[in-house]
Amino acid sequence: MKIFDGLNDKQIEAVKAIDGPVLILAGAGSGKTKTLTHRIAHLLSQGVSPENILAVTFTNKAAEEMKTRVQKLLGLNITNLFIGTFHSLGAKILREEIECLGYKKTFVIYDEDDSFSLAKDILSEMNLSRDRFKPGPFLNLISKIKSELADSGSLGADDFYKKQLASFYNIYNRRLKSANAVDFDDLIMLPVKIYESRPEILKKYQEQYKYILVDEYQDTNRAQYVLINLLARKNKNIFAIGDPDQAIYGWRHADFRNILNFEKDYPEAKVVKLEQNYRSSQNILSAAHEIISKNVERKEKTLWTENPAGAMLEVIEANNERAEAEFILEKILDLNKTGMNLDKIVVMYRTNAQSRVIEEACLYANLPYRVVGAVKFYQRKEIKDVLAYLRFIQNQDDEISLKRITGILGKRLLQSFMADFSAKGGPASGWKKQTEGLSPKELIKSVIKKTNYYGYLEKKFTDFSPDGELESESRIKNIKELIGLASMHDNLSGFLTEVALMQQERDTDNSKKLNLMTIHSAKGLEFDAVFIAGAEENLMPHSRAAYSLEELEEERRLCYVGMTRAKKYLWLLFAKQRFLWGERKETIPSRFIMELPQHLVNFRSLADGYNLPEIELE
DNA sequence: ACACTGTGAGTTTTT
DNA sequence: CTCACAGTGT
């Protein structure tokens, strides 16, 4: 049977355990996605209906990949099978049930930028000092409350700041509701609220989703955990897969104790460890294990591989971040010459700011590169502008979109827009009437024409700046891309939901380029050669994480995630000095460098007149 | 309504 | 250093 071809014994065990709770502890490179997709295929082949299966992931990319692989396995396209992100699941539930909470079905989803604008408005209306009360920290606390399913009471009220925070929390939620809008955290929290207050609704969903699969279980927050476990409570067919050693989203309120406690939640659970690694060389794996085993709060799991020992790890000391970048480029050119394609190579770093010097080195060497996760398509001004009109058409309570439209049109034009929009009467007048029943694609075209948006862009960007023409052209190109995406939808609400939940840039260009990304964005990926730049104290581990053991251990997991991306070659680099915030600073090599087993590492210093002994490699 | 200028803050970021 | 933003000046 094709479904079990190419799977090892443990993977087969995981795929076959259909009934009851199953926990899979899947180490890095152990075939996690393969196991998940083969399990879905197996469920279907055993006669489980596709509509009874729910598979949840964290990213659209992971969901897409899973869909494609299931399709390929079965050789046919399965509809009615839910494979999607937590947030798209939440959006689906809310689209069906939100009316019982007093929202309208036409609700819109506010992304982080929208929430930020709303928060700024509220703070300025509250007349608070701008220095002490910033939208960022306030929103972060609100997100924490929502993702922990707590309430504003947990904020306390013993000082002025906390009182203001609690009051902000209430105003923020009230404003969202009156705008008939939900934020990202609401997409999880509100379905939980519905399920907890309306057992008959919960029952309906429990009966539908008889088989539940959750990817990256270690990254679930409290609300996601509760949502999934409510759904699974009736049939108990929950399949959770993940790796506590790769939990790196604690700062986003993920709680990896959810995966550690799975066996307490389900004492009858079947637990399978996937410990054979198919990705990395023995040396890379051993070194990574040495790092991760220093964590205290951890379940022991030892990856093994049949792969050869491979090359030693390379630890490089450079004089400064420039020398570091130059060395990396030199090595990449070598690898490229020996036949390794650029897309098989990655340069990883802890903070986005570090990409700059690497980019400069790439430009100088004329090497094509892509910075992953840097530009977000849907955050672009022109895209948000056009979408603001569409969102307003769908939901006239949306104050943030209306504010945005006001910003574009100015007060006077806005009046005529509103008059025209809501005008009643014959088919010739009233924009609202005219746009009724148009497809998303037609709507965008109509918006652009009606508001002369291209004219606005040209005026705004051509008159003053020297590159204005190019600028407005590229913005128009982006809108054309949005139109392309819209043409795949026939329903406005569906289109807007997808766009709101599609935060990352869509990868349209698949030419072979060097990858630059943060370690966080590299999770789930693999490369032949990996360069980790800036392995220094205060950067990795980050200075803000150095004060608590928990945060430090998350930094160590991050380092582990970075290292285990490598198949064949792994370089770790640090600079003696780094230019940071306009200041050149002396640095200390990362403690993680010190923790590497010496017999697996070649150390080389490119620094002037510098002798090793100060650095002890265990 | 827009350009200039000083100030201040600056991890990570799946959705 | 670099970006965002509030305040000022035209």
Side-chain angles (χ1 to χ4, degrees), chain A residues 56-65 84-91 109-117 120 124 129-132 134-137 139-140 143 146-147 182-189 215-216 218-221 223-224 246-254 321 348-357 372-374 376 378-379 407-413 459-460 463-465 497-505 517-525 534 538-546 551 554-555 557-559 561-562 578-585:
Chain A
V56 239
T57 65
F58 275 87
T59 67
N60 294 303
K61 206 173 152 191
E64 281 313 308
E65 190 182 342
T85 62
F86 272 100
H87 291 84
S88 67
L89 171 65
I109 299 166
Y110 277 7
D111 66 18
E112 277 180 344
D113 287 346
D114 302 322
S115 299
F116 198 83
S117 314
K120 272 198 303 196
S124 75
S129 117
R130 268 185 299 272
D131 295 338
R132 280 208 304 139
K134 305 259 165 160
L139 284 172
N140 190 30
S143 170
K146 290 187 177 182
S147 45
V182 300
D183 66 15
F184 280 155
D185 296 310
D186 287 340
L187 287 173
I188 314 295
M189 185 196 77
D215 191 16
E216 308 278 19
Q218 78 283 354
D219 286 334
T220 51
N221 62 33
Q224 288 158 339
Q246 294 184 67
I248 54 174
Y249 283 101
W251 54 276
R252 291 229 48 182
H253 317 123
E321 73 284 350
M348 294 180 345
Y349 33 79
R350 179 64 233 268
T351 64
N352 279 314
Q354 288 167 260
S355 76
R356 204 190 162 100
V357 60
V372 176
K376 292 183 174 166
Y378 296 111
Q379 259 176 11
I408 306 165
L409 294 174
K411 287 230 165 63
R412 269 220 341 257
L413 269 170
K459 186 171 179 307
K460 196 167 170 77
D463 288 2
F464 306 103
S465 80
T497 302
E498 177 173 328
V499 166
L501 297 181
M502 188 66 106
Q503 288 291 298
Q504 205 146 69
E505 174 92 59
M517 64 185 84
T518 62
I519 308 178
H520 281 91
S521 340
K523 196 170 102 165
L525 305 178
N538 298 322
L539 206 49
M540 201 186 88
H542 197 271
S543 50
R544 299 264 284 254
E551 284 177 309
E554 180 153 310
E555 295 288 308
R557 290 193 292 272
L558 191 59
C559 180
V561 166
R578 189 168 291 271
F579 203 64
L580 204 62
W581 297 336
E583 229 185 336
R584 187 153 284 292
K585 280 205 166 131

At less than 4.0 Å, is any side-chain N or O atom of [X] found next to OP1 or OP2 of [N]? Yes or no.
X	N	result
A:Asn60	B:dT15	yes
A:Asn140	B:dT13	no
A:Thr518	B:dT13	yes

Counting the atoms with a prime plus P, OP1 and OP2 as sugar-phosphate, which does [X] contact under 4.0 Å by heavy atoms, base, sugar-phosphate, or nothing?
X	answer
A:Arg584	nothing
A:Tyr249	base
A:Asn352	sugar-phosphate
A:Gln354	nothing
A:Ser521	sugar-phosphate
A:Glu216	nothing
A:Lys134	sugar-phosphate

Any donor-acceptor pair under 3.5 Å linking the side chain of [X] with the backbone of [Y]?
X	Y	value
A:Tyr349	A:Met517	yes
A:His520	A:Ile248	yes
A:Glu216	A:Thr57	no

Starting at [atom1] of [X] and ending at [atom2] of [N], how long is that distance when rounded to a whole Å?
X	N	atom1	atom2	result
A:Ile519	B:dT13	CD1	P	10 Å
A:Phe579	C:dT2	CZ	C1'	11 Å
A:Tyr349	B:dT12	OH	P	10 Å
A:Met502	B:dT13	CE	C1'	17 Å
A:Gln246	B:dT14	CD	C1'	14 Å
A:Gln503	B:dT14	CD	P	8 Å
A:Lys585	B:dG10	NZ	P	14 Å
A:Arg350	B:dG10	CZ	P	15 Å

By nearest atom, which of the nucleotides [options] is closest to the [X] side chain?
X	options	answer
A:Trp251	B:dT11, B:dT13, B:dT15	B:dT13
A:Glu551	B:dT11, B:dT15, B:dT14	B:dT11
A:Arg356	B:dT15, C:dT2, C:dC1	C:dT2
A:Lys120	B:dT12, B:dT11, C:dC5	C:dC5
A:Thr351	B:dT15, B:dT11, C:dC5	B:dT11
A:Leu501	B:dT15, B:dT11, B:dT13	B:dT15

*Can you spot which of A:Lys146, A:Met189, A:Glu112 makes a side-chain contact (heavy atoms from CB on, under 4.5 Å) with A:Asp183?*
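Among A:Lys146, A:Met189, A:Glu112, the one meeting side-chain contact (heavy atoms from CB on, under 4.5 Å) with A:Asp183 is A:Lys146.
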
Q. Going by the angle between their ring planes, with limits at 30° and 60°, are A:Phe58 and A:Phe86 parallel, tilted or perpendicular?
A. tilted

- Query: Between the base of B:dT12 and the side chain of A:Arg252, is there any donor-acceptor pair under 3.5 Å?
  - Reply: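 Under the 3.5 Å cut-off, the side chain and the base do not form any donor-acceptor pair.
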
Side chains of A:Met348 and A:Leu525: does their closest heavy-atom pair fall under 4.5 Å?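 Side-chain contact under 4.5 Å: no.
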
| query | Can A:His542 be called stacked on B:dT11 when the rule is centres closer than 5.5 Å and an angle between planes below 30°? | reply | yes

